[in-house]
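Structure, as structure tokens:
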Amino acid sequence: MFFSNTQRSKLSPNQLAFSFVNELIAKSELLRVKVQKINEATVVDCGVEVQGGWEAGVLFAKVCLGGLAKVNLYWSEFNGFRWPTAEVVTDHPIRACLASQYAGWPIQNGRQTAMGSGPGRAIIHKGNIYEVNGYEDYSDTAVLCLESEELPTNEVVRFLSKELGCNPKNLYIIVAPTASLAGSVQIAARALETGLSKLNVLSYDLERIESGWGTCPIPTVASTQLDALGRSNDGILYGSTVLYNLRDEDETLKDLIGQLPFCSSQHYERSFVEILNESGSFYDIDPGVFSAAKVWLCNLNSGRSFHAGVLRPDILCSAFGL
């Protein structure tokens, strides 16, 4: 999926996300976030040294998605289990989810490794999606999201400015730990991206996908970062539903649909922490593990839709510590 220079300019995730960055800055007290300068870069703390909150998490997710998707919170039913839910809707799923939101950039931050995502990835082309569709963004202002327990150091800011090719004064970094209210929301908002990543792993032609809609339960905030990582990913694996509008042959979709949900995995019914411990590190986990619980493929050519997967509220209750 190659985009013209005109399209790149109009749909620049760094430019479109900037209004949400400004909203975080302008409403910092209301949103319980803290804005500070680190080595001239603007850093918005959404949960490291401050409380943060769900509203900050919604804006964090919108920034991650490059301003190319709507993000809402509401209550939802999961086979009789009613729980707060994050919803993402986009008519630009590849740009929003894979070229921006996908956490494909591990960044060393002191003794910690932060997961880098957001519009900045589209400038530096971090993550294998760029090898697939040639997407890129050109922007003097760079916006990056970090899932981290610590704020970026001066050294990290220097590194990021150099990598992104921007003046530190034009670099904006949004930070939230996994174990925080904002972190819980922004990870739940990754269900749609997770489904797309699974399609990419299966070498599906992503150009056929025209729009997407995803929902996922928002995990309770855990007492440790490891437990939070487990809860947030279990929420996607056992509680998310994603729907894609696309154009293809019915027979192709009929053969594909059964491979997409997590229930098709050999790891089904295991917790994410178990899978993580067995793999050694987050980035060593088999990419095929990352899947939505339920998947719909709606063929715009034929009008037929295909569905597979199941929600597991029993596993969600256990994973969320209820």
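Source: prediction; values computed, not measured.
- In this pair, F272 and F290 present their aromatic rings tilted. The plane angle is within the 30 to 60° band.
- Under the side chain to side chain donor-acceptor pair (under 3.5 Å) criterion, S279 pairs with no residue at all, not counting sequence neighbours.
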Next item on the list: Output, in order, the C-alpha distance, side-chain angles, deciding distance and verdict of side-chain hydrogen bond (donor to acceptor under 3.5 Å, both in side chains) for N170 and T141.
Entry: CA-CA 5 Å; N170 296 328; T141 299; 4.8 Å; no
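- The nearest pair of heavy atoms linking C97 to L196 is CB-CD1, 3.6 Å.
- Remark: the N200 side chain and the S197 side chain contain no N/O donor-acceptor pair separated by less than 3.5 Å.
- Using modelled atom types, one finds a donor on one side chain and an acceptor on the other under 3.5 Å when comparing T42 with K37.
- Residue E49 places its CD atom among more than 12 non-hydrogen atoms of other residues, nucleotides or ligands, all under 6.0 Å distant.
- In this structure, Y238 and F262 have perpendicular ring planes: the angle between them is above 60°, well past the 30° mark.
- Side chains of F60 and L24 form no contact here, defined as non-hydrogen atoms less than 4.5 Å apart.
- Scanning for side chain to side chain donor-acceptor pair (under 3.5 Å) contacts around E278 gives R270, with sequence neighbours left out.
- Nearest approach of S264 to K198, heavy atoms of both residues: OG-NZ, 4.3 Å.
- W75 forms part of no hydrophobic cluster, judged by ILVMFWY side-chain heavy-atom separations under 4.5 Å.
- In summary, the side chains of T220 and R231 do present a donor paired with an acceptor at a separation below 3.5 Å, with no hydrogens or angles considered.
- The shortest side-chain heavy-atom distance between L297 and V295 falls under the 4.5 Å cut-off.
- Aromatic ring pairs are classed by plane angle as parallel below 30°, tilted from 30° to 60° and perpendicular above 60°; the pair W83 and F81 is parallel.
- Partners of E23 according to the salt bridge (Lys or Arg N to Asp or Glu O under 4.0 Å) rule, which considers only residues two or more places apart in sequence or in another chain, are K27.
- Residues K294 and L311 have side chains in contact (heavy-atom distance under 4.5 Å, counting atoms from C-beta outward).
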Margin query: Determine whether N22 and S19 satisfy the following criterion, side-chain hydrogen bond (donor to acceptor under 3.5 Å, both in side chains), listing intermediate values before the conclusion.
Written below: CA-CA 5 Å; N22 277 335; S19 63; over 6 Å; no
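- Note: L237 CG to C216 SG = 9.0 Å, rounded to the nearest 0.5 Å.
- Contact annotation: the side chain of Y268 approaches that of V310 to within less than 4.5 Å [non-hydrogen atoms, C-beta and beyond].
- Linking Ile, Leu, Val, Met, Phe, Trp and Tyr residues whenever their side-chain heavy atoms come within less than 4.5 Å places L98 and L246 in a single cluster.
- Looking only at distances, no side-chain donor or acceptor of T252 sits under 3.5 Å from a matching main-chain atom of D250.
- Other residues, nucleotides and ligands contribute over 12 non-hydrogen atoms within 6.0 Å of the CZ atom of R82.
- Ion pairing between R208 and D205 holds under the 4.0 Å rule for side-chain N and carboxylate O.
- A distance of 12.5 Å separates CG of L253 from CZ of R247, quoted to the nearest 0.5 Å.
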Would you give me the side-chain donor-acceptor pairs under 3.5 Å for residues 173-186, sequence neighbours excluded?
{"from": "T178", "atom 1": "OG1", "to": "E147", "atom 2": "OE2", "distance (Å)": "2.6"}
{"from": "S180", "atom 1": "OG", "to": "P177", "atom 2": "O", "distance (Å)": "2.7"}
{"from": "S180", "atom 1": "OG", "to": "G183", "atom 2": "N", "distance (Å)": "2.9"}
{"from": "S184", "atom 1": "OG", "to": "S180", "atom 2": "O", "distance (Å)": "2.9"}
{"from": "S184", "atom 1": "OG", "to": "P219", "atom 2": "O", "distance (Å)": "3.4"}
{"from": "Q186", "atom 1": "OE1", "to": "R190", "atom 2": "NE", "distance (Å)": "3.0"}
{"from": "Q186", "atom 1": "OE1", "to": "R190", "atom 2": "NH2", "distance (Å)": "3.0"}

Note to self: Does E87 form a side-chain hydrogen bond (donor to acceptor under 3.5 Å, both in side chains) with T215? I'd like the steps, not just the answer.
What the structure shows: CA-CA 4 Å; E87 173 188 63; T215 65; over 6 Å; no
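- A distance-only check finds no donor-acceptor pair linking the side chain of K34 to the backbone of G47 [under 3.5 Å].
- Annotation: side chain of Y204 is in contact with side chain of I209 (closest heavy-atom distance under 4.5 Å).
- When side chains are defined from C-beta on, I25 counts as touching Y172, because their heavy atoms get closer than 4.5 Å.
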Side-chain donor-acceptor pairs of residues 313-322 under 3.5 Å, sequence neighbours excluded:
{"from": "D314", "atom 1": "OD1", "to": "R312", "atom 2": "NE", "distance (Å)": "3.0"}
{"from": "D314", "atom 1": "OD2", "to": "R312", "atom 2": "NH2", "distance (Å)": "2.8"}

